[in-house]
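Notes to accompany the following structure.
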There are 2 protein chains.
Amino acid sequence: MGARTIGRMSGNREYIMITAGRPATLDDVARAAGVSRSTASRVIAGTGFASPVARERVRTAADRLGYVPNTAARALVRGGGVRLLVAVAGTSPAVLDDSYVDQVVSAAARVCAPHGLGVTVQWLPLDAPGLLTRLTADRAVAGLVLVNTTSALLDLVPLRLRGRAVSIGIGSATVPSVDIDNAGGTGSLVRHLYAGGRRRIAMVTGPRWLACADRSVQAYRRLLGDAGLPTREVVGDFSAARGRAAAREVLRRWPDTDAIVGISDATALGVISQLRADSVRVPDDVAVTGFDDIPLASATALTTASHPVRRIATAAATMVLEQRPKPDRTLFPSAPVLRESA
Amino acid sequence: MGARTIGRMSGNREYIMITAGRPATLDDVARAAGVSRSTASRVIAGTGFASPVARERVRTAADRLGYVPNTAARALVRGGGVRLLVAVAGTSPAVLDDSYVDQVVSAAARVCAPHGLGVTVQWLPLDAPGLLTRLTADRAVAGLVLVNTTSALLDLVPLRLRGRAVSIGIGSATVPSVDIDNAGGTGSLVRHLYAGGRRRIAMVTGPRWLACADRSVQAYRRLLGDAGLPTREVVGDFSAARGRAAAREVLRRWPDTDAIVGISDATALGVISQLRADSVRVPDDVAVTGFDDIPLASATALTTASHPVRRIATAAATMVLEQRPKPDRTLFPSAPVLRESA
DNA sequence: TTGAAAGCGCTAACAG
DNA sequence: CTGTTAGCGCTTTCAA
């Protein structure tokens, strides 16, 4: 441990080979290569000039010593930070117990790995805006991915993170957005219902504060409006439990409903289970659609719209890491997935 | 941007209040509190002595300036690292496209957040042991969580990480393990099958190199051996596709099989779909069990055993972060979840 | 109890 | 093209 082997290079210069214990530092590499630390830094970081000879010697030395740059030190001097913060807005910390968030975090971690960056995830209470400010005050934060955020939160993103923040959901003048095309996905589902002869179409919406959910609602309203049909809306919250209750409410208020559009697959699954419990046939009496195409959807033959969460998160994290101008808005298409429920 | 307000404290000493831009550093806090940087460091880090007065003034100043310690700088000097590495062993990078891994990463990120640490995830090819060595050579790596690892890989964990590495799966003399009680879970399932009158019980196993999967197989063998029954094993790989093929193989080799134990829910679901396709009734003709209790399991009424992945990952990450002696082995119980498939 | 001073490992001007 | 020189922000001896 800490054992070193002192040897001699052909050039008759002393070098040190670390055999165990302390990982090699840039100094070790420079010494072994017989160049200055700056030169070693230049070739390792790939920045600045270096003669082919120097390049070669440094590379060899680094290889032999198993040199790996210390990300923390590098981040300190460059001021770039060492981790990507995934901040998920919501009313309770339970928002983090969600496979959607899992996928975002995991995808982000995968993108960050080669850059030597880590990822952390935090719940952002909607009513405690100070937290975002505190979290982003840590210079170790290299970038920010906001999930399900609000405009209020968006405005709190500090200047330091301009260009290093992306929102999965709505964006702002300073924070670009990467998102799923809720309107397109929901629209195609509503059109499918209409094409199937449904005319009394209700919708179980998401929480009002969530803009992306609202886009689905707007699409639903627009389409029904265009067709001269009245809307039937019940507020939900993405959960199956709320979907159940909502199904009851829909049928109580509008007994002749022949289709229910759920804001999410979980919602739709809740709706279906309640409907079946009440002996309403799906899709014969009432057609039901979801949104997201989670694994459960295919198993339960739920008609829904696709939502490539992993690809979206990967794009978001990549945008944060790559420091080049980003489009204000990147929309991933959502395709209808027609199965048996509608 | 970068605007500052110069004011005067009651003690008539100059201080600087950052109103925007550059986050406050420890120097700013010290200056504002009228103490040396060392003193400020002691009270902020909570290490070493400080008079109540100093403590108070530093706290106030830090609060007012919205001071947040720079994790990277701290890690650099303390040598503690800035991120937790989740390394997932497997034969292809696709092992990372798995909700199991997502949950582990996400849970780890949650545990790390308050410590100012990030998380990265890496695929560890079984045949490229050098990668682990290279990855862990980065001093920025504060800790290691190995997933589905092998003894060979375990032996490569460097001394520097001793006490800062945990394995979800098998452990070693130097790396403690946190795991699910596969044997217990599988055992209770096999007993349930036996109690239900099944006597010709086959098993679709996991890949041979995976020790945790092997524990299930051992339990199956032991129980059948104790009952004087012959074993019927087909090698699987946790996938539904392989489960399908395995079901075919089982029935070809042992046509009178009356129960199939799947190494995972995905495997079992694959088995069931193949069985149904071949007009074999489940559970009437052949009972099928899984392992993990994924969301799909309840939707498909699959009998299985529970697997609290989130809790396991949280425990693992916590052990890595808390620097106290750990038990060599922590086993989380797996309870049978009886549904319709067996 | 406190402050001065010396780095942690690396990058980035700036002269040579 | 290369080496010298300053730090990045923080912790930690060591004296005072």
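These figures come from a predicted structure and were not determined experimentally. Note on naming: letters A, B, ... go to the chains in the order of the sequence lines (proteins, then strands), and numbering restarts at 1 for each one.
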Any heavy-atom pair between the side chains of [Y] and [X] that's under 4.5 Å?
X     : Y      : result
A:V95 : A:V101 : no
B:E56 : B:V43  : no
A:V86 : A:T120 : no

Which nucleotide in the list [options] gets nearest to the side chain of [X]?
X     : options               : value
A:A54 : D:dT2, D:dG3, C:dT2   : D:dT2
A:V77 : D:dG9, C:dT1, C:dT11  : C:dT11
A:A50 : D:dT2, C:dA12, D:dT11 : D:dT2
B:R74 : D:dT2, C:dT2, D:dT11  : D:dT11

Figure out the [atom1]/[atom2] separation between [X] and [N], and round it to whole Å.
X      : N      : atom1 : atom2 : result
B:R42  : C:dA5  : CZ    : C1'   : 13 Å
A:R160 : D:dG9  : CZ    : C1'   : 13 Å
B:F49  : D:dT11 : CZ    : C1'   : 16 Å
A:D27  : D:dT4  : CG    : C1'   : 13 Å
B:R57  : C:dT1  : CZ    : P     : 16 Å
B:Y67  : D:dG9  : OH    : P     : 10 Å
B:R78  : C:dC8  : CZ    : C1'   : 12 Å
A:I44  : C:dG9  : CD1   : P     : 15 Å

Does a donor on one side chain sit under 3.5 Å from an acceptor on the other, for A:S38 and A:S41?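 The answer is no; no qualifying pair exists.
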Is the shortest side-chain N/O distance from [X] to OP1 or OP2 of [N] below 4.0 Å?
X      : N      : value
A:S38  : D:dT2  : no
A:S41  : C:dA12 : no
A:R139 : D:dG9  : yes
A:T39  : D:dG3  : yes

Please identify each residue that fulfils salt bridge (charged side-chain N to carboxylate O under 4.0 Å, His left out) with B:R59, with sequence neighbours left out.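 Once residues adjacent in sequence are excluded, B:R59 has no partner under the salt bridge (charged side-chain N to carboxylate O under 4.0 Å, His left out) criterion.
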